[in-house]
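Written below as structure tokens is the structure these notes are about.
Ligands are counted one by one from 1 in listed order, and the atoms in each one are counted from 1 as well.
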Amino acid sequence: MLDYVNLEADLTEEERMVRDTARDFVEDRVKPDVGEHWIEGTFPKELITEMGELGFYAPNLDGYGLPNLSERAYGILMQELEAGDSGLRSMASVQGALVMYPIHSFGSEEQKEEYLWDLGSGEKVGCFGLTEPEHGSNPSAMETHAEADGDGYVLNGAKTWITNSPISDVALVWAKDRSDDDTVRGFLVDTDKAGVTTNKIDEKLSLRASITGEIHLNDVRVEESDVLPGVEGMKGPLSCLTQARFGIAWGAVGAARDCFETARQYATDREQFGGPIARFQLQQDKLAEMATQITLAQLLIYRLTDLKERGELRPEHVSMAKRNNVRMARDQSRIAREMIGGNGITADYSPMRHMTNLETVYTYEGTHDIHTLILGHDLTGFQAFQ
Ligand code: FAD
């Protein structure tokens, strides 16, 4: 596997173990039929509890049966999962960084006990409801709202493009509290409550091996104890997104690496004009560029991981890495596809599947444009969002 500057040398025993466990899991349990799932538009649901048993959900958190691994172990895990498929990494990212992380950081003790054990084991599935039909890049304009009602609230609104909503047991819904000056709060909504519907979005041409849906909330009654007590305002959802984007910046490198390895192998095996195509300078140029871009992306995310461990990582750092690494993976997956010729457009080879998946990864968790604006603001002091 491509590790051109020997980053492996710095890994601890535990981090190597996580990498090997995840790599074996992807080889044995994911790669054999992920192409089929992608074509069918299904997620391999049997893997949800298997990933829980292996400790793949929020392994960087502690307590409640969680492994409390290093941030680097967490990143390596995301990298290996996305080498399988971005849909698989999305499952682990949403469950771990977008549902378990906020409960762990901002939840009451009762909420932690009620949800973290079951989410960690995969017995329960969670989803994160921020995006709305009319509000994507600007979620602060959300219309979903809560009205105080006795010792609880009544929720109304609609969320869309929500990973796993149709198979979720609990949705973390971000809504404006009308009884408190429209302050944004997080509500833990069990999806079997009256007034909640979660229909699936079909006919996606990207991230097909991942279930995506809507959440409709029609006079849904929740209790005060269902509100995350430890956070209010957009800081709540945005801090979760920083966690998830960190994992995406790692994951994208995994998708690119899988494209590189597939193209390198193909170039070595495929013969044209009397020998392997890997002997042509044009093909070598593509591999050299791919290996270089992957290595640069690895170096960026390794450095940011050190900053995260030291508590010095800023959200803008994460924007730079999400923006760069996903663009890199998107570009390089296309080159890899090209190197496989006609066979490259089938599901027998991973690059085109990765390439179409990466269209989603480029768009969700802040589009490439939005991360450009975040960096522009940080670098100049002027915000160019509106
Ligand atoms: P828009 O915001 O309408 O943007 C359209 C275009 O305009 C983009 O190119 C954007 O970059 C550009 N643009 C917008 N504003 C500006 C500006 N100020 N300056 C310049 N250009 C701008 N959301 C969740 O809450 N939870 C999930 O689990 C989740 N999962 C997803 C899974 C999938 C498969 C997909 C596709 C999306 C998912 N999303 C999820 C939603 C995702 O986060 C949004 O699609 C994303 O934030 C972009 O919003 P939008 O699609 O409404 O695009």
Side-chain angles (χ1 to χ4, degrees), residues 37-38 41-43 82 85-102 119 125-144 157-168 170-175 184 186-187 189 191 198-217 234 236-245 247-248 251-252 255 319 322-323 326-327 330 353-377 382-386:
H37 277 289
W38 195 93
T42 52
F43 183 79
E82 197 146 359
D85 192 86
S86 299
L88 189 75
R89 199 269 309 138
S90 296
M91 165 77 213
S93 281
V94 170
Q95 184 94 341
L98 295 180
V99 183
M100 294 171 68
Y101 166 79
L119 289 166
V125 174
C127 66
F128 177 87
L130 181 64
T131 304
E132 299 188 352
E134 303 304 327
H135 309 284
S137 295
N138 181 17
S140 60
M142 71 177 72
E143 294 168 54
T144 302
K159 301 286 179 180
T160 192
W161 291 117
I162 308 305
T163 301
N164 285 343
S165 74
I167 57 164
S168 283
V170 58
L172 172 53
V173 172
W174 297 96
V184 171
F187 296 83
V189 182
T191 53
T198 56
N199 42 312
K200 183 167 175 265
I201 298 174
D202 287 315
E203 299 179 357
K204 286 181 299 170
L205 300 177
S206 171
L207 213 71
R208 287 186 56 74
S210 168
I211 298 169
T212 316
E214 302 174 322
I215 306 174
H216 289 271
L217 302 153
M234 286 305 289
L238 293 181
S239 63
C240 304
L241 291 173
T242 300
Q243 293 294 317
R245 289 164 179 170
I248 291 171
S319 284
K322 194 271 183 184
R323 180 179 180 278
V326 176
R327 177 182 56 188
R330 187 195 195 216
R353 176 169 49 79
H354 283 304
M355 183 176 106
T356 63
N357 284 342
L358 287 160
E359 293 300 314
T360 288
V361 184
Y362 193 80
T363 292
Y364 72 14
E365 304 262 355
T367 68
H368 186 81
D369 294 333
I370 292 300
H371 290 295
T372 307
L373 299 179
I374 292 171
L375 290 174
H377 184 203
F382 296 107
Q383 73 91 351
F385 288 93
Q386 51 197 7

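Across Leu172, Val94, Thr131, heavy-atom proximity to atom 44 (C) of ligand 1 is greatest for Thr131. For atom 20 (C) of ligand 1, the nearest non-hydrogen atom from the set Leu373, Val173, Asn357 belongs to Leu373.
With contacts defined as side-chain heavy-atom distances shorter than 4.5 Å, the pair Asn164/Phe128 does not qualify. Side-chain contact between Val326 and His371 is absent, with no heavy-atom pair separated by less than 4.5 Å. Within the 4.5 Å cutoff, no side-chain heavy atoms of Trp174 are placed close to those of Thr144. Residues His37 and Phe43 form no side-chain contact, since every pair of their non-hydrogen atoms from C-beta on lies 4.5 Å or further apart.
When all heavy atoms of Cys127 and Ile215 are compared, the pair lying nearest together is SG-CD1, 4.0 Å. Contact detail for Ala255 and His354: the closest heavy-atom pair is CB-ND1, 3.7 Å. Between Ala158 and Pro133, the closest heavy-atom pair is O-CD, 3.5 Å. Counting all heavy atoms, side chain and backbone alike, Arg353 lies closest to Asp85 at NH1-OD1, 2.6 Å. Nearest heavy atom pair, residue Lys204 against residue Arg208, reads O-NH1, 2.6 Å.
At under 3.5 Å, not a single nitrogen or oxygen of Tyr364, backbone or side chain, sits near a nitrogen or oxygen of ligand 1. Polar contact with ligand 1: absent for Lys204 (N/O pair, distance under 3.5 Å). Polar contact check, Thr360 against ligand 1: no nitrogen or oxygen pair lies under 3.5 Å apart. Residue Leu130 has at least one N or O atom closer than 3.5 Å to an N or O atom of ligand 1. Here's the thing with Asn138: none of its N/O atoms is less than 3.5 angstrom from an N/O atom of ligand 1. Geometrically, ligand 1 and Gly129 share no nitrogen or oxygen pair separated by less than 3.5 Å.
The aromatic rings of Tyr362 and His368 lie parallel to each other, their planes meeting at an angle below 30°, with 60° marking the opposite boundary.
Using a 4.0 Å threshold on non-hydrogen atoms, atom 28 (O) of ligand 1 counts as touching the protein. At a distance under 4.0 Å, a protein heavy atom can be found next to atom 2 (O) of ligand 1. Per-atom contact check: atom 5 (C) of ligand 1 does not touch the protein, criterion being a heavy-atom distance below 4.0 Å.
Panel note: side chain Gln95, backbone Gly126; a donor-acceptor pair is recorded below 3.5 Å. The backbone N or O of Tyr101 lies less than 3.5 Å from no partner atom in the side chain of Gln243, so there is not a single donor-acceptor pair. In terms of modelled atom types and a separation under 3.5 Å, the side chain of Lys322 and the main chain of Gly366 share a donor-acceptor contact.
Considering only non-hydrogen protein atoms, atom 18 (N) of ligand 1 sits nearest to Phe385 O, 3.0 Å. For atom 39 (N) of ligand 1, the closest non-hydrogen atom of the protein is Trp161 O, 3.0 Å. Here the heavy atom of the protein found nearest to atom 53 (O) of ligand 1 is Ser137 OG, 4.3 Å. Counting protein heavy atoms only, atom 52 (O) of ligand 1 is closest to Gly136 CA, 3.2 Å. Of all protein heavy atoms, the one lying nearest to atom 51 (O) of ligand 1 is Thr363 CG2, 4.6 Å. Closest protein heavy atom to atom 9 (O) of ligand 1: Asp369 OD2, 3.4 Å. Of the protein's heavy atoms, Ile370 CD1, 4.0 Å lies nearest to atom 16 (C) of ligand 1. Among protein heavy atoms, the minimum distance from atom 48 (C) of ligand 1 is reached at Thr367 CG2, 3.8 Å.
Neither the backbone nor the side chain of His135 has a heavy atom within less than 4.0 Å of ligand 1. With a 4.0 Å heavy-atom cut-off, ligand 1 is reached by the backbone of Thr163 and by its side chain too.
Those atoms of ligand 1 with a heavy atom of Glu365 less than 4.0 angstrom away are 43 (O). The ligand atoms of ligand 1 that sit less than 4.0 angstrom from a heavy atom of Ile162 are 24 (C), 25 (O), 26 (N), 27 (C), 28 (O).
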For this session: Test Arg323 against Thr372 for side chain to side chain donor-acceptor pair (under 3.5 Å), laying out the working first.
Result: CA-CA 7 Å; Arg323 180 179 180 278; Thr372 307; 2.8 Å; yes
